[in-house]
Number of protein chains: 2
Amino acid sequence: MSSEEARSSVCVEDHVMTEKKRREKLNQQFVELLGLIPGLKKIDKASLIGDAINYIRELEEKLKTLEDKKRASSNSVKSWNSRPSPNENLTENSSSKSLPEIEVKMVGKNVLVKLHCLAGKGVLAKMLAEIEELHLVLRGVSSMPFTSSSLCVTVTAQFEEGYYMTVNELLKRLSTAFIYFLYED
Amino acid sequence: MSSEEARSSVCVEDHVMTEKKRREKLNQQFVELLGLIPGLKKIDKASLIGDAINYIRELEEKLKTLEDKKRASSNSVKSWNSRPSPNENLTENSSSKSLPEIEVKMVGKNVLVKLHCLAGKGVLAKMLAEIEELHLVLRGVSSMPFTSSSLCVTVTAQFEEGYYMTVNELLKRLSTAFIYFLYED
DNA sequence: GATCACACGTGAACC
DNA sequence: TGGTTCACGTGTGAT
């Protein structure tokens with residue numbers, strides 16, 4: 001008897017409490033997980049984990065799909081500045097500044113944007129998208145190859161009703177947007 | 001003694017086996033989940049579920065971010081066909097077909113695409129992106145307003161090295177891509 | 001030897 | 001009343 005009671009320095013009840021604690025924690029995790037999984041039917045612990053597994057796989061797949069789409073339409077843009085050497089055949093008599101060069105003019109709500117940048121798949125589409133996100137309505141777009149690797153783009157646009165911006169602000173926003181391209185995952 | 005043994009029709013051992021089965025199933029789910037969660041340190045059951053929870057939250061957040069981005073650059077395209085009434089002032093002497101009208105010409109690797117479509121924010125950018133996804137390298141782009149609500153776009157391009165397509169195939173792909181715009185979530 | 005996490009058998013609750 | 005799921009206390013192995 002006495003040997004059984006004193007079998008361990010801290011007696012059996014301690015063990016029971018510890019185990020109780022462990023179960024509580026685990027169950028707490030279970031209910032937390034329960035709140036995360038949408039549209040589950042059985043609330044079995046097993047089924048719950050099963051649904052969690054399926055949900056994770058589902059999310060991962062969706063994410064992969066979206067990322068691939070994104071990548072397919074913006075990956076090439078990375079090559080835009082991937083050759084940061086300004087020693088192209090365009091620094092001869094141009095202002096010798098590195099690309100892209102951005103020029104903005106405004107008359108009332110009318111905007112003229114001139115862009116000179118390294119050509120690359122997706123660059124033009126991305127530019128237009130970014131311009132339109134600044135609440136500009138495209139009027140005319142002209143794009144022509146300049147050197148073998150650079151592009152001259154001219155865009156005319158108008159501010160949407162109720163939107164306006166100063167020239168400097170617009171220039172800053174455009175530059176920011178283009179930089180955003182380059183570092184986009 | 002005998003009453004204890006015959007307490008249930010199929011004796012206690014059945015229950016034991018069932019419970020064993022249940023545990024096995026649950027543990028099986030645990031290990032399956034274990035393989036899905038990246039970079040976990042402790043392999044506690046509790047910690048495992050905890051990490052699973054965090055991972056799910058992480059995935060959901062990433063997905064939301066990506067979807068919002070996507071939405072921001074493609075939402076406006078929905079307005080493209082949101083006025084499906086062909087009774088615009090352009091059905092007068094045009095071929096009276098509903099927009100968009102797509103015309104494709106090819107000479108060797110050189111491609112000419114003419115598009116007549118309802119104007120809308122994001123339309124042009126999306127078009128160019130889709131064209132480029134067909135392994136076409138943009139050469140020249142010209143876009144001008146036609147009626148107050150429609151747009152004439154002319155695109156010259158070249159197939160990337162190693163890529164080719166028949167005129168009909170190209171036309172089909174482009175049409176498909178544009179339809180894809182309209183029904184994109 | 002103390003702590004931690006686990007699997008087990010068992011009684012009970014809930015259709 | 002059977003089938004299914006859960007919580008509990010306990011024994012045990014690993015660190």
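Within every chain, numbering begins at 1; the chains are lettered A, B, ... in the order of the sequence lines, protein sequences first and strands thereafter. Hydrogens, waters and symmetry mates are skipped; everything else that's a heavy atom, side chains included, is used. Everything numeric in this text was worked out from a predicted model, so none of it was measured.
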Can you find a donor-acceptor pair, distance only, under 3.5 Å between His15(B) side chain and dG9(C) base?
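Under the 3.5 Å cut-off, the side chain and the base do not form any donor-acceptor pair.
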Expected list for residues 16-45 of chain B near DNA chain D, using heavy atoms below 4.0 Å, is Glu19(B), Arg22(B)
What residues form a salt bridge (charged side-chain N to carboxylate O under 4.0 Å, His left out) with Glu24(B), not counting sequence neighbours?
none
Going by the rule salt bridge (charged side-chain N to carboxylate O under 4.0 Å, His left out), which residues pair with Lys105(B) if we only count those two or more places apart in sequence or in a different chain?
Glu103(B)
Starting at CG of Asp14(B) and ending at C1' of dT10(C), how long is that distance when rounded to a whole Å?
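These atoms are roughly 14 Å apart.
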With Phe159(A), which residues qualify under ring pair (Phe, Tyr, Trp, His ring centres under 6.0 Å), at least two apart?
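Tyr164(A).
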Partners meeting side-chain hydrogen bond (donor to acceptor under 3.5 Å, both in side chains) with Glu60(A) (sequence neighbours left out)
Tyr55(B)
Going by atom type alone, with no hydrogens or angles, which donor-acceptor pairs under 3.5 Å involve a side-chain atom of residues 38-50 of chain B and a protein atom two or more places apart or on another chain?
unit_1	atom_1	unit_2	atom_2	d
Lys42(B)	NZ	Asp44(B)	OD2	3.2
Asp44(B)	OD2	Ser47(B)	OG	3.2
Lys45(B)	NZ	Asn27(B)	OD1	3.0

